[in-house]
Amino acid sequence: MEQPLVSVTVITYNSSKTVLETLDSIKAQTYPNIELIISDDRSTDDTVDLCRDWIKKNKERFVRTEIIVPKHNTGISANCNRGEAVCAGEWIKGIAGDDLLMPNCIQDCMDYVAEHPETVALFGRVRSFGGTEEENKAMDDKFDYYLLSWTKEQLLHRLIFEGNGLPAPGFFYHRSLIDKKYIESDERIPMLDDLPKWINLLRAGVQFHFLDKDIVQYRLSSGVSTGKRSSLKYFESERLMRFYYSYPEWLKADSEEAVKRIVQEECDIYKQLLEAESDDASVIHKQRDEYQKLYERYYREYNQIVGSKAYKLGKILLKPINWFRK
């Protein structure tokens, strides 16, 4: 039976505490025909050295191995694109340098696509680990597998207007059957690689399939997968996601409703800022200054997208800044 080459791309950044577990989980795959690509985002720890040493000891397990290290740190989206750009496999399975593949992950995916040859994009189940039992369950409950039974049109509407609920670590796809411009991560949004990709694929008419098996373990930690969510850069990427993908669609659908939703969302941000647990006025003032800088940058980005339409809406969007500066 033919066993197509599968590329596993490991996305790392300061992953020295976890990456060897990730690599060991790839080595342990029951599927034999695998190439290993590691794309590092200019780690400041010894992640790259650890990976190179590991590959020296285990390179015979793989058809090919490669480590990519850029000159400068670029963010998750560009890091994903660098890794996937050099893949030679028909199928690609990406994984963060702090997560783990179940031993039968690749074999289960290949068995599914053999039975469903029309498949080009597949999601499998993901199980969380690393937290308490309650924390792991809370994260698992956030993955909305039922969404994968929806039509492309229903799912696209859900992702644009209500955000992501798909299990990104469980994604597996056919490289040559999807146009590169749809599968690439949007580098304008440096810290958010998955949701824009799902939207672009659905717009291109790609049908998502679902494998009802656990194929990945998702680590709850401060690593590549989850640590980014607490950073200001991640906050910025979430807002840019809204300006590039959600807000234009809101305007097309119903401009009056769009204004209401946008204003509510932005006011919620400032409400959270006011309720920040800090008695130090200088700290709160500094936070507000940082949010204002980001906010003004978002407005400039948004203005480039929708042009003159942004003027009227922008007056409303920027009102909270003036109010909180009083």
Side-chain angles (χ1 to χ4, degrees), residues 6-12 18 21-23 25-26 28-31 34 36-37 39 76-77 80 83-84 87 89-116 118-131 135-150 152 155 158-159 163-175 177-178 182-183 185 192-202 206-221 223-226 228-229:
V6 175
S7 301
V8 178
T9 59
V10 183
I11 306 304
T12 61
T18 59
E21 290 182 71
T22 301
L23 295 175
S25 77
I26 301 168
Q29 289 301 295
T30 57
Y31 188 83
I34 297 174
L36 174 64
I37 308 297
S39 186
I76 296 173
S77 296
C80 290
E84 294 176 8
C87 290
E90 287 184 41
W91 294 88
I92 295 181
K93 178 73 196 83
I95 183 171
D98 54 350
D99 296 338
L100 307 175
L101 296 184
M102 297 291 195
N104 216 42
C105 170
I106 304 301
Q107 187 64 61
D108 283 341
C109 289
M110 295 307 297
D111 288 346
Y112 181 93
V113 300
E115 295 176 7
H116 305 84
E118 73 280 10
T119 304
V120 296
L122 176 66
F123 286 87
R125 286 189 174 274
V126 175
R127 290 296 176 189
S128 301
F129 74 106
E135 289 170 338
N136 293 339
K137 184 179 185 308
M139 178 57 71
D140 289 343
D141 290 343
K142 290 182 179 180
F143 297 131
D144 296 335
Y145 299 103
Y146 69 91
L147 295 176
L148 294 166
S149 66
W150 290 12
K152 295 189 292 289
L155 182 53
R158 163 63 165 76
L159 296 180
N164 199 6
L166 298 180
F171 186 57
F172 181 77
Y173 75 94
H174 197 297
R175 180 175 63 90
L177 294 181
I178 299 179
Y182 299 119
I183 197 62
S185 298
L192 189 63
D193 62 299
D194 47 10
L195 182 53
K197 181 181 294 185
W198 310 153
I199 291 173
N200 289 333
L201 287 172
L202 289 168
V206 174
Q207 178 69 53
F208 293 165
H209 285 245
F210 176 49
L211 169 61
D212 193 10
K213 289 185 178 181
D214 295 339
I215 63 171
V216 173
Q217 289 182 277
Y218 177 73
R219 187 188 299 268
L220 298 183
S221 70
V224 176
S225 299
T226 52
K228 65 180 182 179
R229 297 187 181 279

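In this text, all values refer to a predicted model and were calculated from it rather than measured experimentally. Below, each value reflects all heavy atoms present in this structure, side chains not excepted, and no hydrogens, waters or symmetry copies.
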When rounded to the nearest 0.5 angstrom, what distance separates [atom1] in [X] from [atom2] in [Y]?
| X | Y | atom1 | atom2 | answer |
| --- | --- | --- | --- | --- |
| L155 | W150 | CG | CH2 | 7.5 Å |
| I183 | I92 | CD1 | CD1 | 8.0 Å |
| E90 | R175 | CD | CZ | 8.5 Å |
| L148 | F208 | CG | CZ | 8.0 Å |
| L202 | Q207 | CG | CD | 8.0 Å |
| L192 | S77 | CG | OG | 6.5 Å |

Any idea which heavy atoms bring [X] and [Y] closest together, and the distance?
| X | Y | result |
| --- | --- | --- |
| G124 | P167 | O-CG, 3.8 Å |
| M139 | S128 | CG-OG, 3.1 Å |
| Q29 | C105 | OE1-N, 3.3 Å |
| P169 | Y218 | CG-CD1, 3.5 Å |
| D144 | L166 | O-CD2, 4.4 Å |
| C87 | I37 | SG-CG1, 4.1 Å |

Decide ring-ring contact (aromatic ring centres under 6.0 Å, His included) for F171 and W198; before the verdict, give the C-alpha distance in whole Å, the side-chain angles of both, and the deciding distance to 0.1 Å.
-> CA-CA 10 Å; F171 186 57; W198 310 153; 4.7 Å; yes
Do [X] and [Y] have side chains that approach each other closer than 4.5 Å (heavy atoms only, starting at C-beta)?
| X | Y | answer |
| --- | --- | --- |
| T12 | S39 | no |
| V8 | I95 | yes |
| I215 | L101 | no |
| V206 | V120 | yes |
| T30 | I106 | no |

Got a sec, which residues hit ring-ring contact (aromatic ring centres under 6.0 Å, His included) with Y145, two or more places apart in sequence or on another chain?
->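 Listed in chain order: F210.
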State which residues pass side chain to side chain donor-acceptor pair (under 3.5 Å) with T9; sequence neighbours excluded, sorted by chain then number.
->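 None.
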Report the residues that fulfil side chain to side chain donor-acceptor pair (under 3.5 Å) with T119, sequence neighbours left out, ordered by chain and then residue number.
->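 Partners of T119 by the side chain to side chain donor-acceptor pair (under 3.5 Å) criterion, ordered by chain and then number, come out as H209.
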E84 and Y173 side chains, donor-acceptor separation under 3.5 Å |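 Side chains of Y173 and E84: pair found under 3.5 Å.
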Would you check if the side chain of [X] reaches a backbone N or O of [Y] as a donor-acceptor pair within less than 3.5 Å?
| X | Y | value |
| --- | --- | --- |
| R219 | D98 | yes |
| T18 | G97 | yes |
| S7 | G89 | yes |
| T22 | D99 | yes |

Looking at residues at least two apart in the chain, or sitting in another chain, which of them share a side-chain contact (heavy atoms from CB on, under 4.5 Å) with K213?
->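 side-chain contact (heavy atoms from CB on, under 4.5 Å) list for K213, sorted by chain: D108, L211.
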Could you list the residues that satisfy side-chain contact (heavy atoms from CB on, under 4.5 Å) with Q217, not counting sequence neighbours?
->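 Result, side-chain contact (heavy atoms from CB on, under 4.5 Å) vs Q217: L100, M102, F129.
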Identified ring pair (Phe, Tyr, Trp, His ring centres under 6.0 Å) counterpart of W91 within the set Y31, Y112, F172 =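 Testing each of Y31, Y112, F172 against W91, the sole residue satisfying ring pair (Phe, Tyr, Trp, His ring centres under 6.0 Å) is F172.
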Would you please name every residue forming a salt bridge (Lys or Arg N to Asp or Glu O under 4.0 Å) with R127, sequence neighbours left out?
->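 Here the qualifying residues are D140, D214.
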State plainly whether the residues D141 and K137 are in salt-bridge range, i.e. N to O under 4.0 Å.
->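 Salt bridge between D141 and K137, a charged N being under 4.0 Å from a carboxylate O: yes.
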